[in-house]
Amino acid sequence: MTDLAARLTYACADAFESLGLERKWGAVRRSDRPELADFQCNGAMGSAKQAGRNPREVAAELAERIAGQEDIASVEVAGPGFLNIRVSAQALAVRAEAVRAEEMRGAAPAADRERIVLDFGGPNVAKPMHVGHLRSAVIGDTLQRIFRFLGDDVISDVHLGDWGLQMGHLVSELEDEQPGLVYFDAEYTGPYPDEPPVTIEDLGRLYPQASAKAKSDEARNARSQKAVAELQAGRPGYRALLRHFINVSVAALKQDYAFLNVRFDLWKGESDVDDLIPGLIEDFRKKGIAREDDGAWVVDVSRESDKKEFPPLILMNSRGGTGYHTTDLATVVDRMRSITPAPERMVYVVDARQALHFEQVFRAADMAGLIGEDRLEHIGFGTVNGPDGKPFRTREGGVLRLSDLNAMALEEAGRKMAEADKLPADMPGREREQVAAQVAVAALRFADLQNTRTTNYVFDLDRFTSFEGKTGPYMLYAAVRIKSLLRRAGDEGHAPGDIRVESEAERELVLALDGFGGALLAAREKRMPHILCEHVHGLAQAFSAFYGAHPIAAEKDPARRASRLGLSEAVLGQLECGLNLLGIDVPERM
RNA sequence: GGUCCCGUAGCUCAGCAGGAUAGAGCAACAGAUUCCUAAUCUGUAGGUCACAGGUUCGAGUCCUGUCGGGAUCGCCA
């Protein structure tokens with residue numbers, strides 16, 4: 001069964017159609033005047049304007065046509081042509097029961113399901129993840145959860161950055177530090193040691209060192225460029241090093257991602273499509289898409305209609321090296337070939353600052369007939385800023401590592417929990433740690449996701465970890481309180497039963513429940529997780545108001561108590577489901 | 001300089017193909033606990049939606065311009 005808003009929209013669309021007007025005017029949404037109505041339809045005004053009719057008359061005719069619907073208690077025309085609809089207590093009760101019973105908690109699968117590859121625009125193997133990677137991880141992961149929940153077929157790929165100049169920096173810097181390693185002996189034919197010559201700390205140190213030197217020293221930069229060209233050309237020692245770098249890096253990445261509840265189907269990277277690159281370049285040449293320019297091979301992606309300048313895409317630079325434009329294109333080829341059935345869409349969850357890059361790649365992919373430009377999508381997001389409004393830095397001015405950020409959140413969550421001192425005295429230490437981690441993850445993920453994806457936001461750990469306000473911890477508290485309530489009622493032998501919607505608080509709560517499916521569909525369509533956050537927060541608030549207004553387990557009347565317990569159960573089901581879609585796990589107690 | 005995004009309450013932010021009295025959270029103030037987790041709830045106060053024009057019966061929302069902030073603009077990713 002679909003939600004009330006959708007059912008009412010359908011009824012109104014029918015009514016519009018019967019008046020010879022377009023169905024689209026039938027859109028029904030929650031009323032912004034709760035004292036007047038539960039839902040409203042504003043289509044009478046727009047459609048009347050278009051058809052040259054009187055809006056109030058159109059509205060009145062609509063009202064007459066939908067008044068008989070079973071869900072509807074009353075319909076009124078107000079103001080210039082608003083349709084104010086109240087639904088019956090019975091309809092609300094039926095909805096609440098559906099939320100309680102259905103696996104999807106009142107939501108329904110999307111109509112236009114797709115086979116989607118989700119590319120997380122991977123972290124760079126040469127450097128540890130920093131705060132910026134929090135966003136792609138958390139937004140991308142939430143999108144993959146929402147997509148799957150609504151029926152899309154998703155293949156997620158972390159897609160590591162392991163092929164560009166940064167690898168040249170690493171190789172050459174390591175050679176400076178330890179020139180004696182066999183990897184640097186061009187005569188050596190192998191085999192190479194199984195033990196990596198570097199630790200994750202080494203990687204974290206080597207790259208910034210090299211990068212800093214290269215910026216001021218032309219010759220140093222040239223050595224990195226040479227190294228990466230040799231790596232890409234297949235020099236065995238360098239390849240062996242690359243393998244080590246990736247393995248060391250991935251082990252660390254997995255820890256950070258695991259902490260944040262983020263998982264991928266594929267751990268591919270740029271280097272995985274290395275063997276496709278020569279063929280790709282050849283293909284582009286044959287098709288006449290690529291042309292030579294200053295020793296480089298480029299693709300002109302600009303168009304007549306462009307308002308801004310589109311620099312050509314560089315397929316191969318003048319030194320024979322390839323960058324991420326080329327690997328991204330080769331990856332498209334790889335996915336279309338190796339994934340069956342072929343993906344219908346590829347979605348890239350990457351920093352908004354790379355918008356131009358993706359526009360170039362998408363155009364080139366389309367030109368070469370790899371996949372239509374309309375099937376490629378860049379889901380950009382804003383930066384995580386410090387209190388000064390600039391991208392977040394540590395006090396020393398460096399970037400903050402994601403692992404440090406996670407640790408800070410964990411510590412702060414533990415501190416706040418100790419302060420509140422609400423955990424049962426008998427809770428074992430291990431469970432305490434577990435709860436602290438769940439609170440920390442809830443804080444981080446919710447804080448990030450509740451922002452509109454495209455805007456920047458200011459990172460404020462103290463605010464994010466607070467149990468008050470629109471925060472992850474508040475959401476957990478609301479859910480845990482229901483668990484505790486139901487557990488206690490169960491202990492006393494009180495079972496949830498048939499839901500009746502009697503009070504204003506109960507009406508509001510069920511109306512909140514009813515919005516789940518719509519919020520999910522909107523979040524999916526716009527790729528905007530904050531819409532789901534808004535819903536979950538609103539639901540938690542509505543439950544808290546209900547909780548404050550009525551006794552539930554303590555209600556004396558058995559039927560009413562059973563109903564309220566049933567309603568609580570419905571709320572818990574949807575709340576936990578919604579939080580899980582946000583990648584947030586709810587503890588049993590806290 | 002070109003292009004794009006942003007400017008809404010003291011602070012952090014929502015605002016859905018233009019629609020009724022612009023909403024949350026925090027902070028402030030006033031209340032609520034012999035009773036289910038008060039890590040909560042209820043209420044009050046707080047806004048010429050940067051500014052100026054335009055389209056419209058109606059504009060925070062669409063168009064134009066101005067001011068302020070940010071991002072980006074060929075061999076880095």
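Here is how names work: the chains are called A, B, and so on, in the same order as the sequence lines, proteins then strands, and each is numbered from 1. This one's a predicted model, so the numbers in the text were calculated from it and none came from an experiment. Just so it is clear, the values below take in all heavy atoms, side chains as well, and ignore hydrogens, waters and symmetry mates.
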Report all interatomic pairs (protein N or O, nucleotide N or O of nucleotides 29-34 of chain B) with separations under 3.5 Å.
none

Query raised in the report: When you check the phosphate oxygens OP1 and OP2 of B:rU3, does a side-chain N or O of A:Arg353 lie under 4.0 Å from one of them?
Result: no
Query raised in the report: Contact class for A:Gly81 vs. all strands (heavy atom < 4.0 Å): base, sugar-phosphate, or nothing?
Result: nothing
Query - A:Arg29 side chain, from C-beta outward: closest of B:rA38, B:rG19, B:rU40 - result: B:rG19
Query - Residue A:Pro312, side-chain heavy atoms: nucleotide from B:rG74, B:rA77, B:rC75 that is nearest - result: B:rG74
Query raised in the report: A:Ser484 near the nucleic acid: base, sugar-phosphate alone, or nothing, with a heavy-atom cut-off under 4.0 Å?
Result: base
Query raised in the report: Between A:Gln541 and B:rG25, does any side-chain N or O lie under 4.0 Å from OP1 or OP2?
Result: yes
Query raised in the report: If each of A:Glu35 and A:Ile552 is mapped to the nucleotide of RNA chain B with the nearest heavy atom, which maps nearer the 5' terminus, i.e. the 5' end?
Result: A:Glu35
Requested in this report: Return no unless some side-chain N or O of A:Tyr324 is found under 4.0 Å from OP1 or OP2 of B:rC75.
Outcome: no
Query raised in the report: Which part of the nucleic acid, if any, lies within reach of A:Gly164 when heavy atoms closer than 4.0 Å are counted: base, sugar-phosphate only, or nothing?
Result: sugar-phosphate
Report summary line: A:His378 NE2 to B:rC4 P, in whole Å, measures 17 Å
Report summary line: When A:Glu309 and A:Glu22 are each assigned the nearest nucleotide of RNA chain B, the 5'-most assignment goes to A:Glu22
Query raised in the report: Of the nucleotides B:rA39, B:rU37, B:rC75, which has the atom closest to the A:Val480 side chain?
Result: B:rU37
Query raised in the report: When all nucleic acid strands are considered with a 4.0 Å heavy-atom cut-off, which category describes A:Leu485: base, sugar-phosphate, or nothing?
Result: base
Query raised in the report: Of the candidate nucleotides B:rA39, B:rC76, B:rG74, which contains the atom at the shortest distance from the side chain of A:Met590?
Result: B:rA39
Could you write out each protein N or O paired with an N or O of nucleotides 5-14 of chain B at a distance under 3.5 Å?
unit_1	atom_1	unit_2	atom_2	d
B:rU12	O2'	A:Arg463	NH2	2.9
B:rA14	OP1	A:Thr452	N	3.3
B:rA14	OP1	A:Thr452	OG1	2.2
B:rA14	OP1	A:Thr455	OG1	3.4
B:rA14	O5'	A:Thr452	OG1	3.0

Query raised in the report: Can you find a donor-acceptor pair, distance only, under 3.5 Å between A:Lys49 side chain and B:rG58 base?
Result: yes
Query raised in the report: Just checking, is any N or O donor in the side chain of A:Ser302 or A:Asp300 under 3.5 Å from an acceptor N or O on the other one?
Result: no
**Report entry** Derivation of the ring pair (Phe, Tyr, Trp, His ring centres under 6.0 Å) call for A:Tyr474 and A:Tyr477
**Finding:** CA-CA 5 Å; A:Tyr474 169 86; A:Tyr477 173 71; 7.2 Å; no
Requested in this report: Under 4.0 Å between any heavy atoms, over every strand shown, what does A:Asp460 touch: base, sugar-phosphate, or nothing? Just pick one.
Outcome: nothing
Requested in this report: Using a 4.0 Å heavy-atom cut-off across all strands, classify A:Asn84 as base, sugar-phosphate, or nothing.
Outcome: base
Report task. Using a heavy-atom cut-off of under 4.0 Å over every strand shown, decide if A:Gly548 touches base, sugar-phosphate, or nothing. Result -> nothing
Query raised in the report: If you check every side-chain atom of A:Ala553, which of B:rC36, B:rC76, B:rA27 has the closest atom?
Result: B:rC36
Query raised in the report: Reckon A:Lys308 has a side-chain N or O less than 4.0 Å from the OP1 or OP2 of B:rC4?
Result: no
Query - Nucleotide paired to B:rA32 in any strand shown, Watson-Crick or G-U, under 3.5 Å - result: B:rU40
Query raised in the report: Can you check whether A:Arg481 has a side-chain N or O nearer than 4.0 Å to OP1 or OP2 of B:rA38?
Result: yes
Report task. Report yes if the ring of A:Phe82 lies under 5.5 Å from the six-membered base ring of B:rA20 with planes under 30°, and no otherwise. Result -> yes
